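Numbering of ligands and ligand atoms starts at 1, following listing order. Note that the structure is a prediction, hence the values are computed from the model and not measured. The analysis underlying the following values was restricted to heavy atoms, covering all of them including side chains, and did not include hydrogens, waters or symmetry mates.
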Amino acid sequence: MITLLDYGAGNVRSVRNAIRKLGFTVKDVASPEDIVTAEKLIFPGVGSFGTVMERLVRDGYDQALKERIRLNRPMLGICVALQALYEGSEESPGVPGLGIIPGIVRRFSSPGLSVPQIGWNGILPRKDSVLLSEYAGEKLYFVHSYHAVIDDRCEDWLLATTCYGQDFVSAVEKGNITAFQFHPEKSGKAGLAILYQFLSRRQDAVEASPPTRRSQEKTTRLAKRIIACLDVRSNDSGDLVVTKGDQYDVREAGEVRNLGKPVDLARRYYEEGADEITFLNITGFRDFPLQDQPMLEVLKRTSENVFVPLTIGGGIRSFTASDGRQYSALDVASEYFRSGADKISIGSDAVFEVERYLARGKKSGDSAIEQISIVYGAQAVVISIDPKRVYVASPDDTSHATMRTQFPGPRGENYCWYQCTVQGGREGRDIDVVQLAQVCELLGAGEILLNCIDRDGTNSGFDLELIAMVKNAVGIPVIASSGAGRAEHFIEVFKATDADAALAAGIFHRREVGIAEVKHAVAEAGIEIRF
Ligand code: 1PR
């Protein structure tokens, strides 16, 4: 029996599912007493440092955790839970942490580094631990903007370090208390193997730790991610299907293309090695997602068997239901997180919000991006952009950010800008992709999913000019999307731009190119990848 500390701040469903998948039963903490007495406790850290600490204090859980740690009863903390063991964090100045480990958690700030760190990185074990005894050196999934600093005062806690711009603490352990900055429940089979050690180990096993496998490597590297994307909608018979458009047109001979069932395809991509899976509810803009039970069900069922990060987009905005009840974008996002999503992606609503920001000249404080980012952390908020090329003869012909293109327009125009669209590309707005990306970053978004309507479904390769332009304009990770047709296109996008991840749909759905084939080709080209 494993006890789970769910304080309602995010996706705890994945941890719960991972524990169940490994054959254990889960009990929820119902009182501070449960925290102290549980045989084994998992403390998943989701949300911002301030939100986590506020909820712990509100429920009297902070004191109970301190007591449990004093008694050295087995506990595994994940992500922000590791940070909560420290005295405080730059993320939430003035909010005290549990103060078990000396020091303040800092923000990543090396020049040129995408923040948050999102993706698969390695760890360098610094001492033996039962939990890492089966760890075979694979990469594990990290998602965070803040990190614990290596400090002589914490030597007795240091279990592993990782490099991202600088070396930081990626795991701590003392006696029966362990915490990881990475997410074992989202780290595929390698993560589940580590989690299993915690779930199954005897309480006295720390003394008998077998040696942890040590890498010859002196550093670790974040891998470029390969993401499989599933555009989902109901077909004309009302079944929820994975579809795929050509430049966003998903109908063929009048029918919505049906490329498979969402849950089955997601599972297939997990088995084939996808680093993340993204679901886009492509008609979400016109339906109210909380009434779209099948979509929530897809997420719930997928998260039972898929242990890599899941992103869901489509329809994340405020809404008034037919009974007059108001739902905020945060309500919609919260339901998605509760159903198993790790990140949500906002499309149309982000464009409208940026228009409001530009008209007002300041933040409103109540935009979907700000609200969700404050509660769940920037890393949980992805902006899905659907841009289209607009050609101009000269940069003077528009007020938008233009670039000289290698692919002149129909009338020989040598310049273009990228117009943002809403409602699945149906409507263009007077706003360009650089404005959108920069304002969304300012409002608290943690990642950009950069589609391209001109390239979508064409198999002609990513729009490298677009990707380089956006990546150079922001400090958050950018996922290159649209146009992948061959494994070489992935090599090209990682060599020609600083894209953090590359996403494809059509080639994977039609089995034209496999995820493993892409990964091997990218690795052979000398690019860091996770297998
Ligand atoms: O506006 O917040 O409701 O979100 C709607 C979401 O649905 C947006 O993320 C938008 O990109 C997406 N969407 C809407 N309509 C379509 C459509 O295709 N008709 N799909 C659509 C966008 C684009 C990619 C695609 C890549 C890779 N899909 O995600 O998967 O282009 O494809 P490829 O590898 O086959 O070239 P909101």
Residue, atom name and distance, where the atom is the protein heavy atom closest to [atom]:
| atom | answer |
| --- | --- |
| atom 11 (O) of ligand 1 | D386 OD1, 2.6 Å |
| atom 15 (N) of ligand 1 | G424 CA, 3.3 Å |
| atom 21 (C) of ligand 1 | I282 CG2, 3.3 Å |
| atom 25 (C) of ligand 1 | D456 OD1, 3.6 Å |
| atom 28 (N) of ligand 1 | D231 OD2, 2.9 Å |
| atom 24 (C) of ligand 1 | N451 OD1, 3.2 Å |
| atom 32 (O) of ligand 1 | K244 CE, 3.0 Å |
| atom 1 (O) of ligand 1 | S348 OG, 2.6 Å |

Quick one: which ligand 1 atoms are inside 4.0 Å of a heavy atom on [X]?
| X | answer |
| --- | --- |
| S481 | 24 (C), 26 (C), 27 (C), 31 (O) |
| G506 | 33 (P), 34 (O), 35 (O) |
| G483 | 36 (O) |
| A504 | 34 (O) |
| C229 | 29 (O), 30 (O) |
| L280 | 9 (O), 29 (O) |

Salt-bridge criterion met for [X] and [Y] (N-O under 4.0 Å):
| X | Y | answer |
| --- | --- | --- |
| D246 | R257 | yes |
| R356 | E370 | no |
| R301 | E297 | no |
| E271 | K189 | yes |
| K224 | D275 | no |
| E413 | R389 | no |
| R107 | E90 | no |

Proximity winner for atom 5 (C) of ligand 1, if only heavy atoms of G457, G314, S384 are counted: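 When every heavy atom of G457, G314, S384 is considered, G314 comes closest to atom 5 (C) of ligand 1.
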
Polar-atom distance check: [X] versus ligand 1, any N or O pair below 3.5 Å?
| X | result |
| --- | --- |
| L503 | no |
| A505 | yes |
| S345 | no |
| D349 | no |

Does either side chain, that of [X] or that of [Y], offer a donor lying less than 3.5 Å from an acceptor on the other one?
| X | Y | result |
| --- | --- | --- |
| S89 | Q83 | no |
| Y376 | S334 | yes |
| N17 | S303 | yes |
| T243 | D231 | no |

R251 (side chain) donor-acceptor with G254 (main chain) under 3.5 angstrom: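 The answer is yes, because a donor-acceptor pair under 3.5 Å joins these two groups.
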
Flag, side chain of R429 to backbone of C420, donor-acceptor distance under 3.5 Å: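 Side chain of R429 to backbone of C420: no pair is present.
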
G315 touching ligand 1 at heavy-atom level, < 4.0 angstrom: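 It does; at least one heavy atom falls under 4.0 Å.
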
Heavy-atom gap G245 to ligand 1 smaller than 4.0 Å: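 No, that is not the case, since the closest heavy atom of the residue is not under 4.0 Å from the ligand.
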
